Amino acid sequence: MKPPSRPGTVLLTDYAWPDDSVERSVIEEAGHTLVTGPAEPASAEAIEELVAEHRPAGILTCWAPVSATAIGTAPDLRIVARLGVGLDNIAVDAATERGVWVTNVPDYCVEEVSDHAVGMVLAWTRGLAVFDRDVRAGRWDPASARLRRLSTLTCGVVGFGRIGRATVRKLGAFGCRILAHDPFPPKDAPGVEMVGLDELLRRSDVVILHVPLTPGTHHIIGAEQLGLMKPGGLLVNVSRGGLVDTDAVVKALDNGQLDAAAFDVLETEPHVPAALLDQPGALLTPHVAFSSDASVTELRRRAAEEVVRILAGEAPAHACNSPRGLAAGSGDRR
């Protein structure tokens, strides 16, 4: 039987929900103390100050940046747990070098994000957002409709992980042709044609991004890639804003190369560029594709449970690194 963990301090850097009750319940029931930062994500410098003040054994972070300096300031730090999937706000290499686990919750919002992507496609093919705006502005003009039959279109999904596969499954119910691109393509993908990225862009009426943001995927869609797409298509991004060159998208909307761009994420969020707001073909939501009552509760609980596991000397359920100086399969330093 494992010995009980020593009580420690856990810092919740920020949170995108009304309170910290779920995290607090999990952390405090395990005998630890939760310290909560501001709800809105603070700057890297502000987080570094919080870490220096509280010297946490664990950090839970949503959007706030956890820098190499922050990680190096906490001598007792054992885990940085992401309240989400992507790790672009965490200095993972620095954590690895200092023997600190980095974890995420990779599968909590698969259904929500894929639903959001498909919903954006349907909003475009059926003109939902455009006609809602027109009707509210006093224009009732059904003769202006230039709508599309989804079953006749080709949809290209970039990234064939959990969420990409869920999106493909849901799109398949509408009868459209589906292409997918992934650097590690599966051996068998029924109903899906795996192709290179350039071929996917050339053949697709709809392109949906389901890839993480890394140095290799930054601006994976820029002017060159948009130029390969069929004129008058739709680009959907529900992953990370940095995947897309927003200026290039605005130009593509201006010249008709793109008919529409549906974005849940922006490289500059929460700031929305005025040039994008001015585009009638832009459908924008405020980074909420992950969200539902069920997904957010699951996310918060599972991320906090990872912290408790590590502080108890157990192995994480979803490790995103292999910290130096730790025994394999263990949360303990050796």
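Note that this is a predicted model, so its numbers are computed, not measured.
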Expected output: side-chain S144 to main-chain D141 donor-acceptor under 3.5 Å:
yes

Contact between M194 and H181 at the side-chain level, heavy atoms closer than 4.5 Å - yes or no?
no

Is L87 reachable from V66 through a run of hydrophobic residues whose side-chain heavy atoms are each under 4.5 Å from the next?
yes

Should F263 and V238 be marked as a side chain to side chain contact (heavy atoms under 4.5 Å, CB included) after you check the CA-CA gap, both sets of side-chain angles, and the distance that decides it?
CA-CA 6 Å; F263 291 165; V238 290; over 6 Å; no

Would the number of heavy atoms belonging to other residues, nucleotides or ligands and lying under 6.0 Å from CZ of R149 be above 12?
no

Any idea which heavy atoms bring F160 and D182 closest together, and the distance?
N-OD2, 2.8 Å

Determine, step by step, whether E111 and R169 satisfy the salt bridge (Lys or Arg N to Asp or Glu O under 4.0 Å) criterion, reporting the C-alpha distance in whole Å, the side-chain angles of both residues, the deciding distance to 0.1 Å, and the verdict.
CA-CA 11 Å; E111 297 303 326; R169 169 172 52 83; 3.2 Å; yes

Could you walk me through whether S114 and T167 pass side-chain hydrogen bond (donor to acceptor under 3.5 Å, both in side chains), step by step?
CA-CA 5 Å; S114 55; T167 296; 4.6 Å; no

Taking D93 first and then R98, would you say they form a salt bridge - that is, a charged N and a carboxylate O separated by under 4.0 Å?
no

Exercise: do T9 and H32 side chains pair donor with acceptor under 3.5 Å
no

When every non-hydrogen atom of I163 is compared with those of V110, the smallest separation belongs to CG1-CA, 3.9 Å

Here the gap from L299 atom CG to E112 atom CD, rounded to the nearest 0.5 Å, amounts to 10.5 Å

Decide yes or no on side-chain hydrogen bond (donor to acceptor under 3.5 Å, both in side chains) for Q225 and D245, but give the supporting numbers first.
CA-CA 10 Å; Q225 290 74 31; D245 181 341; over 6 Å; no

Are R82 and V105 close enough that some pair of their side-chain heavy atoms sits under 4.5 Å apart?
no

Is there side-chain contact between V10 and T33, with at least one heavy-atom pair below 4.5 Å?
no

Could R78 and W101 be counted as a cation-pi pair, given that NZ or CZ must be under 6.0 Å from the ring centre and within 45° of the axis?
no

Between W140 and D134: side-chain donor-acceptor atoms closer than 3.5 Å:
no

Side-chain touch P323/V100, heavy atoms, less than 4.5 angstrom
no

Determine whether V265 and V121 fall in the same hydrophobic cluster, where Ile, Leu, Val, Met, Phe, Trp and Tyr are linked whenever their side-chain heavy atoms lie under 4.5 Å apart.
no

Tell me, yes or no, whether the heavy-atom count around R177 atom CZ, taken from other residues, nucleotides or ligands under 6.0 Å, exceeds 12.
no

If you count the non-hydrogen atoms of other residues, nucleotides and ligands that lie under 6.0 Å from CG in D293, is the total more than 12?
no

Check the angle between the aromatic planes of W63 and F290 and answer parallel, tilted or perpendicular using the 30° and 60° thresholds.
perpendicular

I'd like to know if the side chain of T103 and the backbone of A319 have a donor-acceptor N/O pair within less than 3.5 Å.
no

What pair of heavy atoms forms the shortest contact from N89 to C62, and how long is it?
ND2-O, 3.3 Å

Looking at K230 and D259, is any side-chain nitrogen of the basic one under 4.0 Å from a carboxylate oxygen of the acidic one?
no

Test item: Q257 side-chain N/O and L226 main-chain N/O as donor-acceptor pair under 3.5 Å
yes

Under the 3.5 angstrom rule, does the side chain of T297 hit a backbone N or O of A294 as a donor-acceptor pair?
no

For N104 and V85, indicate whether the former's side chain and the latter's backbone hold a donor-acceptor pair under 3.5 Å.
yes

Is there a path of hydrophobic side-chain contacts, each under 4.5 Å between heavy atoms, that joins V92 and L11?
yes

Where the side chain of S25 meets the backbone of S21, is there a donor-acceptor pair that is under 3.5 Å apart?
no

Using only atom types and a distance under 3.5 Å, with no angle test, would you say the side chain of D132 pairs donor to acceptor with the backbone of L128?
no

Is a salt bridge present between R301 and E306, judged by a nitrogen-to-oxygen distance below 4.0 Å?
no

Would you say E40 has more than 12 foreign heavy atoms packed within less than 6.0 Å of its CD?
no

Greater than 12 external heavy atoms within 6.0 Å of K170's NZ
yes

Do V272 and L258 land in one hydrophobic cluster if side-chain heavy atoms of ILVMFWY residues count as linked below 4.5 Å?
yes

Check the side chains of R302 and H318 for a donor-acceptor pair under 3.5 angstrom, ignoring hydrogens and angles.
yes

With no hydrogens and no angle check, is any side-chain donor or acceptor of H210 less than 3.5 Å from a backbone partner on G159?
no

Taking atom types as modelled and ignoring hydrogens, do the side chains of E267 and H218 form a donor-acceptor contact shorter than 3.5 angstrom?
yes

Using every non-hydrogen atom in the two residues, find where D264 and V288 come nearest and quote the distance to one decimal.
OD1-N, 2.8 Å

CA sep, side-chain torsions, deciding dist, call: R203, E193, salt bridge (Lys or Arg N to Asp or Glu O under 4.0 Å):
CA-CA 11 Å; R203 292 173 55 189; E193 185 179 352; 3.0 Å; yes

Hydrophobic clusters here meaning ILVMFWY residues chained together by side-chain heavy-atom distances under 4.5 Å, can you tell me if L150 and V236 are in one?
yes

Any donor-acceptor N/O pair, S67 side chain to A70 backbone, under 3.5 Å:
yes

Do V308 and E314 touch side chain to side chain, with heavy atoms closer than 4.5 Å?
no

